[in-house]
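Presented below is the structure to which this report refers.
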Amino acid sequence: MKKIAVIISTCLLSFSLFAGGLNSRFIEVKAGADLTLENNTFAMSDFLVEHIVIDLTKIANIVPESGFNASTEIKPFAALNFNFPHFHFGVSVGADAYGSVNINQSLFDFLGKGYNKGQELTIKPDVYFESFLTVEPSIGVYTKKLKIDVIPGFFVPLAVADTSKMKVVLQNTTDAKFKARTEGAGTIYALFDVEKLINGDYSQVTSLSVDEAVSYFINHLGFDFGTSVEFPLNRSFSIIGKVRIPIKPGTLNYSAEASFPFEEEFSLSELLDNMGKENETSANNGAQGNIMDNLQFTYRRNSEFAAHRPLKAMAYAKFSPFGEFLVLTGGAGVGVRRPFVNPVSYPEYYVSVDSTIFGGLLSAGVSTEYQDQVFINKVKASIGLRLVQIDLGIAVSSSSFIKSFDVNGASAYIMFAAGL
C-alpha cells in the first residue's frame with residue numbers, strides 16, 4: 001500500500017508541475033512568428049504540375065473584377081511575461097512587415113482577349129510595402145467582474161513603399177503591335193539614406209554603436225495605444241472589446257522617387273525576344289538591359305514622412321457552456337491602414353471554436369477570419385506543460401473568400417513558451 005501511495009503521490013506531483021497552460025506560469029519567455037502568403041487568383045495546385053501551361057485567355061477569365069491581388073505578411077516576436085493571480089506585466093519586441101501588389105483586370109483582358117484598334121488601356125501596378133520594429137509593454141488587471149489589459153505600442157518604421165501614382169498606358173496599333181508609355185512615379189521612404197543603400201553602401205547601418213542606434217531609433221519613434229477589456233456577464237458568457245489607436249507617427253527622413261520614362265511601339269513577341277537578348281548580353285558582359293536603363297531615381301533627405309501602424313477596433317462575444325472544454329468566440333470590427341495618409345479602411349471578423357482538456361495540457365481549435373484584408377481559415381493546436389508550451393497553427397488563405405478554400409495561399413503560426 002505504501003508503494004502504491006508513493007506512486008500516486010509522485011504522479012500527482014508530476015502532473016501539478018508539468019500540466020497547466022499559460023496562466024499557470026509565474027514567469028515565462030515566449031517566441032514565435034506568424035507568416036501569411038496569398039493571392040486571389042491562382043491555387044497552389046496550379047503550380048504543382050509537371051509542365052506549367054500559360055493560357056492567357058483562361059487567366060483573363062478567372063482574374064476577379066478587382067484585379068489580381070497578392071500579399072504577404074510576417075510577424076516574428078519575443079516576449080517576457082510575469083503572471084500573478086490578478087495582475088500581469090510583460091513586454092514584447094518584434095517586427096511587422098507587410099507587402100501587397102494589385103494589378104487591375106484590364107491588363108489580363110488585354111493579353112488574353114485583346115482590345116480594339118486605337119483603344120487605350122490603363123494599367124495600374126499598385127505595390128505597397130511597410131515594415132516596423134515594435135516594442136509593446138503590457139499591463140493587465142483581472143477581477144471577477146472585469147479584465148483589463150493596457151498595451152501601449154512603441155514602433156520604429158523601417159520603410160514604406162507606394163506605387164499607386166504609377167501607371168502604364170497601352171494602345172493597339174497596326175500589324176499586331178501596340179504602343180506603351182509609362183506615367184507617374186513610385187516612392188520609397190526609409191529610415192536610412194536610400195541612395196547609399198541602393199548603391200550598396202551599408203556603413204550607415206553597420207557602423208552604428210548600440211547607443212547610437214538606440215538614440216537614432218528614439219528620434220524616429222512612433223506611438224499608439226492599445227487596450228483590451230473583457231466583461232464577464234456570467235460564468236459562461238463574456239463580451240470583449242479591443243482597440244489600437246494611432247497617437248504619434250514614426251518618421252522617415254529619406255526618400256527615393258523612382259520613375260520609368262518609357263514610350264515605344266512593339267509586338268509582344270518582339271518584347272520577349274529583346275528581353276531575352278538583353279538578359280544574355282547582361283550575363284555575358286555584366287551590362288544591364290536597355291529597358292532597365294530607363295529607371296531613374298530622385299533622392300531626397302529630410303522628407304519627414306509620417307508612418308502609422310493600422311488602426312484596429314474589434315468587439316467579441318465569448319460563450320463557454322462547458323468551461324474551457326468548449327469555447328465559442330465571434331467578433332467583428334474595422335481596420336484602417338495608413339489612417340492619416342491615403343487611408344484604406346476594411347471590415348474584419350473572427351469566428352472560432354476551441355477546446356482545452358486536462359487543465360490546459362492539450363487544446364485544439366478551428367477558426368475563420370478576415371484580418372488585414374485576407375481571409376484565413378485556420379486549424380490550431382497547443383501542448384501546454386507547466387514548464388513548456390508549444391502552439392502551432394496552419395491555414396489556407398486568400399484575399400478572396402471563395403478562393404481562400406482553394407488553397408490560393410497559406411499561413412503558418414508557431415509559438416514556444418517556457419517558464420516556471
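Worth knowing before you read on, the calculation uses all heavy atoms, side chains too, and leaves out hydrogens, waters and symmetry mates. Worth saying up front: this structure is predicted, and the values here are computed from it rather than measured.
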Among Thr134, Leu80, Val135, Leu133, the one residue meeting side chain to side chain contact (heavy atoms under 4.5 Å, CB included) with Val93: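 Among the candidates, only Val135 passes.
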Only one of Asp96, Val374, Leu35 passes side chain to side chain contact (heavy atoms under 4.5 Å, CB included) with Glu73; say which it is. Asp96
Please report the closest heavy-atom contact between Gly331 and Tyr316, naming both atoms and the distance.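 Minimum heavy-atom separation between Gly331 and Tyr316: CA-CD2, 3.7 Å.
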Heavy-atom check, side chain of [X] versus side chain of [Y], under 4.5 Å:
X      : Y      : answer
Phe108 : Ile103 : yes
Ile240 : Ser228 : yes
Phe340 : Pro246 : yes

Between [X] and [Y], a side-chain donor and acceptor under 3.5 Å:
X      : Y      : answer
Asp149 : Ser138 : no
Asp201 : Ser203 : yes
Thr368 : Asn377 : yes
Ser352 : Ser367 : no

Salt-bridge present ([X], [Y]; N to O < 4.0 Å):
X      : Y      : answer
Arg337 : Glu130 : yes
Arg301 : Glu195 : yes
Lys242 : Glu348 : no

Could you point out which residue of Asp391, Thr356, Asp354 forms a side-chain hydrogen bond (donor to acceptor under 3.5 Å, both in side chains) with Ser382?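 It is Asp391; the other options fail the test.
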Stepwise side chain to side chain donor-acceptor pair (under 3.5 Å) check, Ser209 with Asp211: CA-CA 5 Å; Ser209 66; Asp211 292 341; 5.4 Å; no
Using a 6.0 Å cut-off, check whether atom CZ of Phe322 has over 12 heavy atoms from anything other than its own residue.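 At most 12 heavy atoms, drawn from other residues, nucleotides or ligands, come within 6.0 Å of this atom.
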In terms of the angle between their ring planes, are [X] and [Y] parallel, tilted or perpendicular, with boundaries placed at 30° and 60°?
X      : Y      : value
His220 : Tyr216 : tilted
Phe305 : Tyr189 : parallel
Tyr349 : Phe375 : tilted

Trace of the side chain to side chain donor-acceptor pair (under 3.5 Å) decision for Asp162 with Thr187: CA-CA 6 Å; Asp162 184 10; Thr187 306; over 6 Å; no
